[in-house]
Amino acid sequence: MTDTPIADAPPIPDLPRDATQDGPAVRLYLVDGSGFIFRAFHALPPLTRKSDGLPIGAVSGFCNMLWKLLVDMKAQDDAPTHLAVVFDHSEKTFRNKLYDKYKAHRPPPPEDLVPQFPLVRDATRAFGVHSLELPGYEADDIIAAYACKVRDMGGEVRIISSDKDLMQLVGDRVFMLDTMKNLLIGREQVVEKFGVQPEKVVEVQALCGDSVDNVPGAPGIGIKTAALLINEYGDLDTLLARAGEIKQDKRRQTLIDFADQIRLSRQLVQLDCDTPLPSPIDDLRVAEPTAEVLAAFLEEMGLHTLGRRVASGGGGATAPAAPSTPAPRPTSVTDHGPIDVTKYVCVRDLETLDAWIAKAHAAGVIAFDTETDSLSSANAGLCGVSLAIAPGEACYIPVGHEHEGGLEFDAPADLTQITHDEVIARLKPLLEDPAVLKVAQNAKYDIAVLSRQGINVSPIEDTMLISYVLEAGLHKSHGMDELSKRWLEHEPIPFKQVAGTGKAQKSFKHVPLEPATCYAAEDADVTLRLYLLLRPRLITGGLLTVYETLERPMPAVLAQMEIEGIRIDPDQLARLSHDFSVRMTELEAQAYELAGRPFNLGSPKQIGEVLYQEMGLASKKTTATGAQGTDASILEDLAADGHALPRVLLDWRQLSKLKGTYTDNLAAAISPRTNRVHTSYALGATTTGRLSSSDPNLQNIPVRTEEGRKIRKAFIAEPGHVLISADYSQIELRLLAHVGDIPQLKKAFLEGQDIHAATASEMFGVPIEGMPAETRRRAKAINFGIVYGISAFGLANQLSIPQDEAGAYIKTYFERFPGIRTYMDRTKQAVRAQGFVSTIFGRKINIPAVYSKSQAERAFGDRAAINAPLQGAAADIIRRAMIRMPAALKASGLKARMLLQVHDELVFEAPEAEADALITLAKQVMEHAAEPVVALSVPLVVDARAAKNWDDAH
DNA sequence: TGCGTCACG
DNA sequence: GACGTACGTGACGCAA
């Protein structure tokens with residue numbers, strides 16, 4: 001390398017000015033972003049964010065370099081008018097098609113660097129600088145295309161890079177600038193390096209090859225020889241054509257033998273000036289960063305030093321310091337104009353479709369939505385796809401619309417559509433294009449639907465999850481209609497309006513194209529507007545990492561689990577159902593006998609009449625509405641008093657519950673297509689970060705009673721396979737020990753003690769050895785109570801002891817574990833001060849109840865606030881394990897599948913031979929799921945077991 | 001549709 | 001000492 005510093009140059013030297021006195025209309029600076037990243041990464045020691053250990057060395061270095069560049073630029077009198085940072089794309093480029101070994105020797109990027117790639121793009125945008133990339137092209141090609149274009153327009157270009165491959169672009173108006181080494185590279189410097197003018201650099205490179213990029217070139221020929229030959233023969237084609245004239249035997253033979261390889265090498269190093277421009281040049285105009293956004297980003301990354309420098313001006317942004325609270329919410333967004341559903345386009349021919357797809361590529365960020373003929377994604381057939389490429393610019397592409405039932409007496413409407421296969425073939429490259437961000441509302445559904453069409457949508461974001469991260473606990477729903485009303489002051493067309501309601505509701509494929517277009521395209525339009533409005537708030541709210549690490553990866557993971565489903569033995573369920581029926585009939589007869597008349601055992605109201613009025617039993621409790629209660633605890637009390645009917649009712653209720661909720665309906669839920677049951681997991685549905693399961697709910701399959709476990713035994717593995725259940729032991733109590741910093745609890749967990757016995761021993765001063773079961777049971781109830789925000793009433797109820805006795809236990813507990821009271825007081829104080837609590841991973845849980853006028857509701861809020869950081873952190877941890885699991889399984893070469901999640905348990909199905917390996921792997925991933933972001937002061941312990949059915953595995 | 005009840009963590 | 005009470009879910013059947 002002939003790096004030649006320019007003598008006595010100022011830090012960033014001035015360019016020779018061959019444009020007009022006022023400078024050219026366009027002076028474009030192009031930053032080789034990928035070069036910046038790798039330099040930053042390798043130049044700096046491994047640096048992690050203090051708050052959670054996220055590696056941010058490259059982000060930090062990148063931000064510093066970018067900031068310095070911006071400051072230095074401004075100081076010059078020939079500051080750029082336009083500016084962009086250009087990134088490589090991770091996927092294969094057209095060069096791999098020419099030569100499959102191109103860059104094949106490159107090792108994958110370091111593990112610590114990978115999560116920083118998206119952050120660096122965020123950083124670029126936070127600095128108010130355009131970020132450019134394009135699939136199938138390297139950053140160098142994009143740089144080449146802009147450089148050529150601007151040069152030909154009469155503008156000036158400066159390429160901030162030290163990559164010698166870019167030297168072919170240097171010319172009278174195009175310079176390279178190596179900011180690290182303070183080098184300005186013009187024609188003269190290129191000639192020094194390559195021995196030829198920039199226009200011939202490609203030909204020299206073609207001859208000498210490049211071992212780093214694995215460009216073969218001609219063996220034995222280096223830069224010096226190559227330059228000599230090119231200068232002698234004028235150009236490469238002439239050289240190769242006249243190779244026979246070369247005097248040196250070896251050199252002549254090499255050029256003849258390797259002529260094709262040399263031509264191929266030229267193609268590989270030649271940058272493509274015809275690369276499409278990802279953004280028009282006009283869009284790259286230099287702009288000031290938004291001070292709040294930049295400050296919030298740096299704060300989020302923990303880059304306080306740079307944050308202060310930026311805030312103080314530093315010659316750069318005029319920004320004041322970041323506000324400590326998020327920007328106030330606008331009541332509406334009018335920047336993008338009103339929503340007008342009549343403007344949407346129905347795409348019915350290939351030409352129009354291709355035009356939309358081209359516009360989508362150019363846009364880089366689009367929203368989409370799939371319309372289907374079913375609510376459950378597992379069986380949904382595709383009716384159409386809508387795309388929004390800009391606010392107000394959206395279309396609907398129908399694929400399966402048809403007339404309903406052939407009852408069309410009038411002339412049938414024209415239903416000409418592009419065929420299903422053609423639409424899928426056209427959309428697949430777009431939806432899988434890594435350079436086009438796809439935004440969806442409830443992405444899990446669309447991922448599942450499109451996965452059945454052979455499309456793996458990526459990269460993808462989810463407005464529902466962004467809203468959830470920002471406002472969990474503030475609203476019951478993060479559905480699109482609510483979000484639209486909340487943020488856009490727009491009420492989307494109700495589904496019922498286009499499809500009808502109740503029994504007359506039709507499948508979406510029978511909805512005429514015009515209303516279907518209005519409805520479907522509006523969804524995409526609204527989703528895109530929501531994304532543009534809400535996504536920046538993740539940064540200003542300090543919640544970007546929560547979204548990126550705990551939410552955004554989930555839809556793909558859950559979609560896969562839902563698609564897998566689990567096998568259930570319908571015959572076993574049918575036998576149980578019959579058994580339960582018979583016994584219920586017997587119990588009914590007994591109940592009528594005892595009551596002296598028939599009545600509906602399923603009616604709490606009628607039970608109340610029989611028990612409290614006709615039989616004259618004393619009702620112990622009333623329900624919320626003042627009715628006399630008949631729940632299990634009351635019936636148990638009455639049974640304990642020696643009454644016969646309550647026992648019969650309890651037994652009947654148990655069987656009725658099992659039959660009604662489980663045996664009958666689980667069998668009905670088996671998909672005829674897969675012979676398995678596919679639940680639906682809801683994200684964004686709970687306040688704490690937990691998932692929920694429905695249709696059917698597989699998170700509440702019975703386990704606590706012998707009868708109930710018979711249902712669990714019907715969950716089975718395929719022949720030759722086993723189910724493996726892996727569950728966290730006492731995770732919430734462990735988190736309490738960590739978060740509340742309770743020395744005795746931590747010690748007990750570190751020593752692997754029986755935590756409830758240890759609690760009892762500490763509280764009552766009795767040894768663990770030979771402890772009565774009742775003593776341990778009480779301590780266990782207290783431990784659970786603590787996690788729930790204990791009250792004397794609740795504990796008394798749980799243990800069936802007087803309230804003052806329960807109060808005494810709590811008092812003792814707080815005396816023995818003073819740290820718990822501190823934690824509870826601290827949490828209550830915090831939630832009343834700010835209205836939310838956070839998990840150790842940064843998830844925010846709003847608890848507006850603490851501001852209620854009702855004292856009872858405020859107390860409710862306090863207890864929820866005590867519980868939420870524990871339940872929420874446990875939810876965060878199992879999410880982290882689930883997100884890592886697919887790659888871990890793949891890396892281990894296991895065929896095992898993750899099927900179910902039950903809050904602290906994961907259920908897998910694996911070939912029998914894999915059982916042991918899977919148990920080891922699942923334990924490893926789950927027990928270390930908090931790392932490296934959080935170093936827990938207590939170990940996480942996972943128990944795992946394999947068996948033919950879920951009950952035996954549990 | 002709201003309520004009571006009960007299955008789970 | 002009030003206040004109603006453990007935290008978080010979903011599904012069922014009844015009664016309106």
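Below, read A as the first sequence line, B as the second, and so on, with proteins coming before strands; counting in each chain starts at 1.
In this model, a donor atom of one side chain and an acceptor atom of the other lie less than 3.5 Å apart for A:Arg575 and A:Gln572.
Non-hydrogen atoms lying under 4.0 Å from DNA chain C are contributed by A:Ala781, A:Gly785, A:Tyr788, A:Ile790, A:Ser791, all within residues 779-792 of chain A. Less than 4.0 Å separates DNA chain B from no heavy atom of any residue of residues 852-869 of chain A.
Rounded to a whole Å, the OH atom of A:Tyr612 is 13 Å from the P atom of B:dG4. For the pair A:Arg712 CZ and B:dC8 P, the computed distance is 8 Å after rounding to whole Å. The separation between A:Arg879 atom CZ and C:dG8 atom P is 16 Å, rounded to whole Å. As a whole-Å value, the separation of A:Gln803 CD from C:dG4 C1' is 10 Å. A:Lys828 places its NZ atom 13 Å from the P atom of C:dC7, with the value rounded to the nearest Å.
For the pairing with A:Thr630, the side-chain contact (heavy atoms from CB on, under 4.5 Å) check across A:Lys605, A:Arg653, A:Gln606 returns one residue only, A:Arg653.
Environment of CD in A:Glu614: crowded, with over 12 heavy atoms of neighbouring residues, nucleotides or ligands closer than 6.0 Å. The neighbour count for A:Lys948 NZ, taken as heavy atoms of other residues, nucleotides or ligands under 6.0 Å away, is above 12.
Partners of A:Tyr809 according to the ring pair (Phe, Tyr, Trp, His ring centres under 6.0 Å) rule, which considers only residues two or more places apart in sequence or in another chain, are A:Phe764. Under the side-chain contact (heavy atoms from CB on, under 4.5 Å) criterion, A:Val942 pairs with A:Ala726, A:Tyr728, A:Lys923, A:Met926, A:Glu927, not counting sequence neighbours. Every residue meeting the side-chain contact (heavy atoms from CB on, under 4.5 Å) condition with A:Ser854, not counting sequence neighbours, appears here in chain and number order: A:Ser852, A:Ala856, A:Glu857. The ring pair (Phe, Tyr, Trp, His ring centres under 6.0 Å) test applied to A:Phe817 returns A:Tyr813, not counting sequence neighbours. Looking at residues two or more places apart in sequence or on another chain, you find no side chain to side chain donor-acceptor pair (under 3.5 Å) involving A:Asp462. Scanning for side chain to side chain donor-acceptor pair (under 3.5 Å) contacts around A:Lys713 gives A:Asp951, A:Asp952, with sequence neighbours left out.
In this structure, A:Gly708 reaches neither bases nor backbone, as no heavy-atom distance under 4.0 Å exists between it and the strands shown. Within the 4.0 angstrom heavy-atom criterion, base atoms lie near A:Leu795.
Among residue pairs with one or both ends in residues 860-871 of chain A, those qualifying as salt bridge (Lys or Arg N to Asp or Glu O under 4.0 Å) are A:Arg832-A:Asp862; sequence neighbours excluded. The ring pair (Phe, Tyr, Trp, His ring centres under 6.0 Å) pairs that include a residue from residues 818-865 of chain A number zero, where partners must be two or more places apart or lie in different chains.
The side chain of A:Arg704 sits closest to B:dC8 out of B:dC8, B:dT5, C:dT5.
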Intra- and inter-strand pairs of DNA chain C in dot-bracket (Watson-Crick or G-U wobble, both distances under 3.5 Å; | for another strand) = ......|||||||||.

Under 4.0 Å protein heavy-atom contacts per nucleotide of nucleotides 9-16 of chain C, with B for base, S for backbone only and - for none = SBBS-SSS

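The pair A:Glu732-A:Arg690 meets the salt-bridge criterion, since a charged nitrogen lies less than 4.0 angstrom from a carboxylate oxygen.
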